[in-house]
Amino acid sequence: MLRTHTCGELTAENVDQTATLCGWVDRIRDFGGVTFVDLRDRYGVTQVVFNPAHTKAPAELVDKLRSEFVIKVDGAVGLRPDGQANKKIATGEIEFNADQLEILNACKTPPFVPGQKDLPGEEIRLQHRYLDLRRQKMMDTLVLRNKIIKGMRDYASDHDFIDIETPILGRSTPEGARDYLVPSRVHNGTFYALPQSPQIYKQIMMIAGYDRYIQVARCFRDEDLRADRQPEFTQLDIEMSFVDSDDVTGLIDGMMEKLAKDLLGVDLKLPLPQLTYKEAMTRFGHDAPDLRFDMEIVDCTDIAKKVDFRVFRAVADGGNFVRGLNAKKGTEKYSRRGIDELTKMVQDDFGAKGLAWFRVEEDGSLFAPIAKNFKPEELDEIKARMNGEPGDLLLFIADTWEVSCKSLYSLRKRIGAEMELYDPKQMHFSWIVEFPMFDYDPNEKRWVAMHHPFTAPLAEDLDKLESAPGEVRAQAYDLVINGYEAGGGTIRIHDSETQAKVFGLLGMSDQDAQERFGFLLDALKYGAPPHGGIALGIDRVVMLFGGLDNIRDCIAFPKTQKARDEMTQAPNVVEKIQLDECGIRLKTPLKD
RNA sequence: GGCGCUGUAGCUCAAUUGGUUAGAGUACCGGACUGUCGAUCCGGUGGUUGCGGGUUCGAGUCCCGUCAGCGUCGCCA
């Protein structure tokens, strides 16, 4: 080792000891005579003092030091003079009196330094990720990430799970997200797909008798990015045999309890609350609601059926919905202009026709441009239903179930944040259960699996599988933290007949099913135990535990919204010979 | 693919609603200074206002296109 100590460990207890430190120059304070250098590494910062009266380091060498130079300093620990301790750092009681200085490596003038006040733009940070990763916040996050993964692994290990790796080069599956493809050199014209998740492999492991499997698995989905979505991401993948839904959610309850306790000092009350999908959609308009605050959706469709106001009446009579939210004390926050912005959002994002609103005035009356369309007793009924009190802002969406859910969910989320209805540090864990098995795709005119096609239906809904697929509920469960889907899983189908039936419902002929999933259907015939599992989005869990608002800050080398790596400039062109070997000719050759 | 925000010195930002030679802080370079910790003080270098068109007597500012970053909708079993 070039060093004897790190920059975070020398304290008053080490006074008079000699030591050697290595690190990066964080800051220099040059007084012409004495020069102070804040030396930084992963562990902390130590003030190094170059005093010409005592150091052997030539002044010309000390003068050369600049930000982010990598240096090695021999010296001795000394107590700082009275009144000069720096309480902001752990090593603040001492200083390191330099004897010798060696510059291990210089540093070009960096575009930004880790300690600077204003964070540079994200593009710059990603281009020079090695500099960005030197920032304390990034280090803290990656350390947190490591603790979370270690905590998960330890917990799983304590519960008899074994870690098994599954292939990265696999077979493309037609259902689900777009695959990342890898061309085969040996078999020109054929392709591997990177795994969207190790789903089938882990089911096969259950059939093979490895009844408790985990993997920290990298997954790939070639879909557009979001603040909480990356094209490659990491899941804690879990599968267990001889279990029902409660066993899986119970296991994760315990894991979350441990992580929350160990890493956040938060005591969770178990079991974590469970909400059915239907309830979540009815009360919050979404299958991953943020339950840190109230403000539930209130249905006024029955009232709308009685009123003359055409917009409400026509929607209600047409079998659609008039539902609203009460933004408590929202009239001050949302002026006419603010309401216009909310209106624009629901129109642009979800195609809502409009946003109806009422202000509850000081005298308790409802004010709104549309109020004249209502009889006084109707206004009273609306106010009573919405629990309207002076200062409240009542917002209504009159539309289809889908549009009203999306719009009200989005309004609720935005208003909750803008009106600070919750403590951003608060954490809320819950389960959403009993998802529908299928969703009808009007474009393709067929049922599609809501989760994935291996999901087992709820036993009591089995008889509806053919008669009313839309009503069949799945043995599925999503873990929701602060309004984010942090994980999801299901109990799987473990008999080939039910599996074949579900494939059929999804519009797959027997031949198709055999062609695509024959190996799974076969495996199910060779003694498949009942099994199920879950996958947790590790990047998102880190984001939520770290109180961050985007997933890129939880990943050492993330991709931009256009799925590019700003540092390496991937993806990029390849040599023609590489394409030739794979038997690929570009449709539109790139000019070089 | 749609909608929106952003793009000015290495970095973070400003430029009075289209008007003189585009400024500040910081970084960088030079100088002063032996107790600072965002050191201080003096001086200096640094700009194709992302790129390409257009409107105008005149464009950082307005319009069109384009590229990039971010947010969002679609998409993400």
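Every chain is numbered from 1, with letters handed out A, B, ... down the list of sequences.
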Nearest-neighbour nucleotide for the A227(A) side chain, G35(B), C75(B), G71(B) considered: G71(B)
Any donor-acceptor pair under 3.5 Å joining the side chain of R564(A) to the base of G69(B)? no
Comparing T173(A) with I89(A), nearest RNA chain B nucleotide closer to 5' gives the residue I89(A)
As its Watson-Crick or G-U partner within any shown strand, both distances under 3.5 Å, G18(B) has none
No-hydrogen, no-angle side-chain donor-acceptor test under 3.5 Å, Y213(A) and Q215(A): yes
Whole-Å distance between C76(B) C1' and F220(A) CZ? 16 Å
Tell me whether W24(A) at atom CH2 has more than 12 heavy atoms from other residues, nucleotides or ligands lying less than 6.0 Å away. no
Spacing of E122(A) atom CD relative to G71(B) atom P, expressed in whole Å: 7 Å
List the atom of D228(A), the atom of R540(A), and the distance in Å for their closest heavy-atom pair. O-NE, 3.0 Å
Suppose you measure atom C1' in C11(B) against the same atom in U17(B); what distance do you get, rounded to whole Å? 28 Å
Do T91(A) and Q47(A) meet the criterion of a side-chain donor-acceptor pair at a distance under 3.5 Å? no
Nearest to the side chain of E566(A), which nucleotide is it out of A68(B), G1(B), U12(B)? A68(B)
Does a donor on one side chain and an acceptor on the other come within less than 3.5 Å for Q136(A) and D140(A)? yes
Among the candidates U72(B), C11(B), C70(B), find the nucleotide nearest to the side-chain atoms of R226(A). U72(B)
With RNA chain B as reference, determine whether F112(A) or R178(A) sits nearer its 5' end, using the nearest nucleotide of each. F112(A)
With the side chain defined as heavy atoms from C-beta on, K562(A) is closest, among U36(B), A68(B), G38(B), to A68(B)
Let me know the distance between CG of D82(A) and P of U36(B), rounded to the nearest Å. 13 Å
Candidate pair D179(A) and S172(A), rule side chain to side chain donor-acceptor pair (under 3.5 Å), full reasoning: CA-CA 7 Å; D179(A) 285 318; S172(A) 175; 2.6 Å; yes
In whole Å, what is the span from the CD atom of E93(A) to the P atom of G35(B)? 22 Å
Is there a donor N/O on one and an acceptor N/O on the other, under 3.5 Å, for the side chain of R229(A) and the base of C76(B)? yes
Does Q561(A) get its side chain close enough to the base of G71(B), under 3.5 Å, for a donor-acceptor pair? yes
Would you tabulate the pairs of protein nitrogen or oxygen atoms and nucleotide nitrogen or oxygen atoms of nucleotides 39-43 of chain B closer than 3.5 angstrom?
{"unit_1": "A39(B)", "atom_1": "OP2", "unit_2": "R27(A)", "atom_2": "NE", "d": "3.2"}
{"unit_1": "A39(B)", "atom_1": "OP2", "unit_2": "R29(A)", "atom_2": "NH1", "d": "3.4"}
{"unit_1": "A39(B)", "atom_1": "N6", "unit_2": "D30(A)", "atom_2": "O", "d": "2.8"}

Rounded to whole angstrom units, what separation is found between the CG atom of D349(A) and the C1' atom of G2(B)? 10 Å
Can you say whether a donor on the side chain of D348(A) sits under 3.5 Å from an acceptor on the base of G2(B), or the other way round? no
Whether R29(A) and D38(A) form a salt bridge (side-chain N of Lys/Arg under 4.0 Å from carboxylate O of Asp/Glu) is what I want to check. yes
Could you tell me how far G46(B) sits from G25(B) if I compare only their C1' atoms? Round to whole Å. 15 Å
Atom-pair distance (NZ on K108(A); P on C11(B)), nearest Å: 12 Å
What is the distance, to the nearest angstrom, from the CG atom on D179(A) to the P atom on C75(B)? 18 Å
Would you check if I207(A) and L524(A) make a side-chain contact, meaning some heavy-atom pair closer than 4.5 Å? yes
Looking only at the aromatic ring of each residue, does the gap between the centers of F503(A) and F517(A) stay below 6.0 angstrom? yes
Find the partner of C28(B): check Watson-Crick (N1-N3 plus N6-O4 or O6-N4) and G-U wobble (N1-O2, O6-N3) distances, both under 3.5 Å, and reply none if neither fits. G44(B)
For nucleotides 28-31 of chain B, tabulate all protein N/O to nucleotide N/O atom pairs closer than 3.5 Å, reporting atom names and distance.
{"unit_1": "C29(B)", "atom_1": "OP1", "unit_2": "R66(A)", "atom_2": "NE", "d": "3.1"}
{"unit_1": "C29(B)", "atom_1": "OP2", "unit_2": "R66(A)", "atom_2": "NE", "d": "3.1"}

Hey, does the side-chain of N86(A) have a donor or acceptor N/O within less than 3.5 Å of a partner on the base of C37(B)? yes
Return the value, rounded to whole Å, for the distance between atom NE2 of H286(A) and atom C1' of C76(B). 12 Å
Confirm from the modelled atom types if R125(A) and C11(B) form a donor-acceptor pair under 3.5 Å, side chain to base only. no
Using a cut-off of strictly less than 4.0 Å between a heavy atom of the residue and any atom of RNA chain B, enumerate the qualifying residues of residues 44-59 of chain A by number. Q47(A), N51(A)
